Structure formats: structure tokens, C-alpha cells
Number of protein chains: 2
Amino acid sequence: MTTIRDVAKLAGVSVATVSRALNNSGYVSISAREKVEKAVKELNFYPNEVARSLFQKKSKLIGLLLPDITNPFFPAIAKGVEDCVNERGYSLLLGNVEGDSEKQEKYLRIFEQNNIAGVISAVQGNPINLKNMPFVSLDRINEEQKYVVHSDDFLGGQLAAQAIIDGRAKKVVIMAGPENVSASKVRLKGNKDILDRYAVPYEIFQTESFHLDLAEETAKAVFNQLSEFDSVIASNDIYGLALITEAHKRGIKVPEELQVIGYDDMPFSKMMTPPLTTISQPAYEIGYKGAKLLCNVMERDSVTEKRIQLPVTLIKRETLREKDEHE
Amino acid sequence: MTTIRDVAKLAGVSVATVSRALNNSGYVSISAREKVEKAVKELNFYPNEVARSLFQKKSKLIGLLLPDITNPFFPAIAKGVEDCVNERGYSLLLGNVEGDSEKQEKYLRIFEQNNIAGVISAVQGNPINLKNMPFVSLDRINEEQKYVVHSDDFLGGQLAAQAIIDGRAKKVVIMAGPENVSASKVRLKGNKDILDRYAVPYEIFQTESFHLDLAEETAKAVFNQLSEFDSVIASNDIYGLALITEAHKRGIKVPEELQVIGYDDMPFSKMMTPPLTTISQPAYEIGYKGAKLLCNVMERDSVTEKRIQLPVTLIKRETLREKDEHE
DNA sequence: TTGAAAGCGCTACCAA
DNA sequence: TTGGTAGCGCTTTCAA
């Protein structure tokens, strides 16, 4: 391992000068800088981040907490986060938490032990071990959190309900995501707001998780436990797809007999037969803007826009009935 | 921040004793150990990994290089990796490389600057900046690499071709994944091996990437550039789905007029209409076993099983024609 | 069995 | 403008 001492020796200057030259801090004469640069190049030297981090009590690492890396929504967020932090010279320490709050706390501890510069989390809840690490919440947020980036879940819920109503819903089933996840709760509110306004009857089917593996059995359960519904607002695209698949198995036609709307606009949703109508939220952008916010929080003390809300849009495809233009 | 000094002071022993007690190294009397444990608990002390890593010249971090976190295959691998390294007390530094070899080298440098314990990579190619970090390749491997975990791509290719033939393929299109990706190349060989054996005519449509965003336009291109094919071996499930969607748009019936087989058995592939027939490879297990292999390489010097191959299976669903039992 | 002290590679203070 | 040096929190000699 080549160190700053090797560079100093080769350049014929002190380690202090090398350090100043590398960090553009303090005074360095042009000739000294040149000697250092030459030596750095010759030795192919890159400073050890661990040593730097030990001294600064702060590393160039950012902790990323995800509820489920297997759910396509989160890799999209992660990519946005990564792109942004990379531009600023940070790297990501990954923590896939799986709804396990012990695991979450364990990760927070690991983050702290590694002098993390900040943490960005799409996991619901206020971590205990957070100490005073800069912290930004994504998507699954709560009221007390100071820095958050999320999309307009209430509007998303409204849009979904409105679209279903436009498809002449007589009786709708709302598959509501986990009760402890803010985004689900708010969407549900949005759904109800519109459904109530138009006095369309609905039933709520509460799901415990967004996990992909549960989608199929949940779809079955919906059909087994509920009846005579002609419209479903699914908790996300995967659950919507599972529901459509189950409907097909039971000989129910989509959208004629049963219309379905998803949430998230996952990459494959447009490739279904029929292509899934859904609410799109800008996952990549949530990640990117969240990371940007975190960087700003870490670098300055004052940040103007602390709680950022991004728009959602209805993506009309073919799992909803056509609006009856003649009524 | 509470340090080992605080613990030492509270326990009434020296920092050396605290260190020994924490690491179970060297002699520590029972009474000293008890005092230390009590102090540790009282102060809620966790050792700083950065300091430890600086001294050891080795951190508890493992670098994970992924070609595209957005492709569901890789999060599945990542989860396997994470589960395994967690059990052994390591955490993951994430590097999403996007087929950009500069980015890959940049990450390797960052890994090195952070005293990484090892790296695990699903990216094709032999990194230059690898120095002597323990290194395990996953899925996209090559001959020179010492430690690899992958699935039986040749068999996968054969299985896909055989299944297509069983569905009475007259003329098949092979969508071959990127030429520089080993897994694609080997699968293609497997395809050809069987197709040639049965003298079934085929054309190869070379794709440049596995990237999700390109799936739709690739599907269009296949139909625009090629004709009179009745079977497609897609490079993965996403591309298979995109192809089916495009076929439907063009009024082509699947599987009657066009049969399609995918690769990877992504989580949503069974929820399509019709459900996608595909080749399943154990992504999670590839990740898990790869991480296990890496840990063994890092901990001991001798590892018996250096190149691990995992099985693949044909998942029959409904995008292939039935085998004609009467022929 | 214990503790003092050196030192991992770096930054920043302070004196020159 | 420069360099010597202390010290970040930890582990590991080595002497007691």
C-alpha cells in the first residue's frame, strides 16, 4: 500500500504539504504542488479513506436502508440515490431491512460504527439508534421526520379511485397495503375520499406486506373472501398482476367483468396482457432528490426545501373499462 | 462518541484489557472481563470499525459490483449475498456499474481506499484495479477467474431449445444477449447445440444489452427485421414479455402462432397472461453461495470448491405449444 | 494477567 | 509557504 509518506518522500516534501496539496487546503506553492502531483501520478496514489475517515470522524459513505430490494420499486430508488451520491463523491452502504426492525437497528449501528456521513431510508419508522446522523426519509415517511422525499400518495389514491369510477365501478375492493406503511395509509385515504364522494360501495382487503411472494396467495384470498366486486384497486402492480392472473384462472374477464388498477408502474407492467393501468410515481427521482437533499443537509446546516413532494400520474392502459362517453 | 478509553476508565482497567476482552484475544481475567462487560453495557459501547479497520488494514466491508440493479435478477442475487455476509458480520458496499468499465474501476478503487475485505462481482470482465483483494465472480464469469459461482448456462440453453422443439418449432429466432457476456454466449451455444442436432432452422438476433428499457424497441426490431418465425428464445423474461406484448399488438397469437420462452424466471413471469415458460436459475442461491465462497477465501487460504455450478430448470407454463404426443 | 506505548494513514495545528 | 507533530480509536507487541 502506498501512503502519503511515500508520496512525500518521492516529491521531496513533507506529508503535511502532500496533504494540503491533495485537499487544496492551506498554502501550497506551485512548485510544491507540481512535485506532489508528479509523485502521486508516478505512484498511482489514492489516499486511504479509512485513515481520513478516522480523523474526520466522518466517512464518504452513506447508509441506504431499503425495506425490500426484491421489490422493483426500491432498486429504482436505489439507482437514483446512487447516481446522485456518486456525483458528490459518496458511496453507499447497503442495508436491506425486510421489515425487521431489529435488522434496521443493527444496520444503523453498523452505519455509526463506520462513521457514516448520513443515512437515507425508505423504511417506515423512526430509528432509535440514529444518534445525530443526517437522515432523509424516502417514500415511507412520517410526520415527525424533518427531511423527506415522497410522492403525492393522496392524489395517487384519488386518481386510482377516480379512474376506477370512470370505468363504471359498481363495487370495488381496495387492497390496502400494510397499515403501518404511511404511503399505503395515505393512498387509502385518497381512495376513500373519491369513492365516498361518488357513493361507490367498497370493501377493504388489508394486506400485511408488499412482498412479491405473497402476491399470489393474497389474490386467491381476495376472491375467496370477497364476492360480487367488479373493480379492484391493488396495492401495487405485482399485486394487481397476481389478481388478474387469478381472475383469468377463474374465467373472469379483465377488464369487462373485473377492472384492476395497480400502483408504481413497474417496468414490466406495460408488457402484460392486457397492459396494466396504474399510478406512476417517479421512483428514480425520489431516490435522486432524496440523496440530493441529504447531501445538502450534510454540507450546509440550512436547507430550504425540507419536505419534497413529487407528482404522480395515472397511466392509462387496458385493465380498466372505457369511460362511457354517452352517459 | 464513546470510545474504548471511556470503557477502560469506567471499568478501572486499561484500554489494552478492554480491547482484549472485546476481541477474546490474549489473557483477560474473569474479573476484568466482567468489569469490562459491565462498562460496555452501561455505556452502550460499540467499537469504532474505522479505527479497527485502519489498524487491521482490512474492514468488515465487502464490495458488491452489479451490472444493473434495475434488472430483477440482480437484486435477487444481492439479497443472497447480503444474507450470507450478514451472518458473518460483514456489510455491503454497493456498486452499480451499468456496463461502464470506468465506473467499475472507480468502484474498485473506492473499495480499496476503504480497506475492503473482498469483492463479489456479477459484472463481466477482469477488473484492473483489483490488486490483491479476494474476488469472487457471479453469473458473468470467465475462464481465468479462480473463484466463480454460476448456473449451468449451457444446459439452460439446451433446455430452452429442447422445449421450443417440443413445441414443434419450424423456424426459431434466438435473441442472444450481449456478446461480451459469458452467460449469454454459453446459453447461445446450448441453444445451437440442440437446434443443430434436430436440424431446426434458426436466426440469431443479437441484442446489445439486458437493459429493461430496451426490451420494447428490441421486440419491435425483431418483428421488423425478421419474418416467418414461429418460435423465439428470448434473452431473458423481460425481453420475452416485451416480445409477447408486441406479438399481441400485431395480432399474433401466443403460443399458437408464436411460442416464446424466457430466461431467469423473474417473480412476475408467472403472473403474465399467458404465464411465461422460462428457464429458472437460482439467483438467490448464486448470491448466497458466492458470498459464502468469498468468506471462505478471505478466512482461510485453501478452498476446496473454487468454481461452483448450480442447476437450472425448465419452468413449463403456457407460452409454448403442447408437445404433440401422437407423433 | 495487565498496562504503557507504538503505530495504522491521514489531517490540522502551530512554529518556523 | 513549509514541516514537525499530535492525535483520530483501535490493536498488538513487550515489559512488568
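In this text the structure is predicted, and so the values were computed from the model without any measurement. Both backbone and side-chain heavy atoms feed into the values below; hydrogens, waters and symmetry mates do not. Just so we're on the same page: letters track the sequence lines, and every chain starts at 1.
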- Using atom CE of Met1(A) as one end and atom P of dC8(C) as the other, report the distance to the nearest whole Å. 11 Å
- Does Val15(B) or Ala32(A) map to a spot on DNA chain D nearer the 5' end, using the closest nucleotide for each? Ala32(A)
- Message: Closest approach to the side chain of Thr3(B), judged atom by atom: which nucleotide of dG3(C), dG9(D), dC10(C) is it?
- Response: dG9(D)
- Item | Side chain of Ser19(B) - closest among dC10(D), dG9(C), dT11(D) | dT11(D)
- Message: Can you identify which nucleotide, out of dG3(D), dG9(C), dT13(D), has its nearest atom closest to the Asn48(A) side chain?
- Response: dG9(C)
- Task: State whether Glu112(A) and Arg109(A) are salt-bridged, where the test is any N-O pair (Lys NZ or Arg NE/NH1/NH2 against Asp/Glu carboxylate O) under 4.0 Å.
- Result: no
- Query: Could you state the CD-P distance from Glu34(B) to dT1(C), rounded to the nearest angstrom?
  - Reply: 14 Å
- Message: Below the 4.0 Å mark, does dT2(C) have OP1 or OP2 next to a side-chain nitrogen or oxygen of Thr17(B)?
- Response: no
- Would you please say whether a donor-acceptor pair under 3.5 Å links the side chains of Asn142(B) and Gln124(B)? no
- Message: Nearest whole Å is fine: how far is dG9(C) P from Glu49(B) CD?
- Response: 18 Å
- Item | Residue mapping more 5' on DNA chain C - nearest nucleotide basis, Gln56(B) or Arg33(B) | Arg33(B)
- Message: Looking at Ser29(A), I'd like to know whether one of its side-chain N or O atoms comes within less than 4.0 Å of OP1 or OP2 on dT2(D).
- Response: yes
- Leu22(A) atom CG is separated from dT11(C) atom C1', nearest whole Å, by 11 Å
- Task: Give the rounded distance in Å between these two atoms: CG of Asn115(B) and C1' of dG9(D).
- Result: 15 Å
- Can you check the Asn23(A) CG to dC10(C) P distance for me, whole Å? 10 Å
- Query: Would Lys306(A) count as a cation-pi partner of Tyr147(A), with NZ or CZ less than 6.0 Å from the six-membered ring centre and within 45° of the ring normal?
  - Reply: no
- For the pair made of CG in Leu54(B) and P in dG7(C), what is the distance, rounded to whole Å? 14 Å
- Determine: side-chain N/O of Lys58(B) to OP1/OP2 of dC8(C), distance under 4.0 Å, yes or no. no
- Query: Considering only dT11(D), dA4(C), dG9(C), which nucleotide approaches the side chain of Ala16(B) most closely?
  - Reply: dA4(C)
- Between dG3(D), dT2(C), dC8(D), spot the one nearest the side chain of Val13(A), thanks. dG3(D)
- Message: Does dG4(D) have its OP1 or OP2 closer than 4.0 Å to a side-chain nitrogen or oxygen of Ser14(A)?
- Response: no
- Should the pair Lys79(B)-Glu82(B) be classified as a salt bridge under the 4.0 Å nitrogen-to-oxygen rule? no
- Item | Presence of Lys57(A) side-chain N/O under 4.0 Å of dT11(C) phosphate oxygens OP1/OP2 | no
- Note on the structure: So NZ of Lys146(A) and CG of Leu293(A): to nearest 0.5 Å the spacing works out to 10.5 Å
- Note on the structure: Lys35(B) atom NZ is separated from dT1(C) atom P, nearest whole Å, by 13 Å
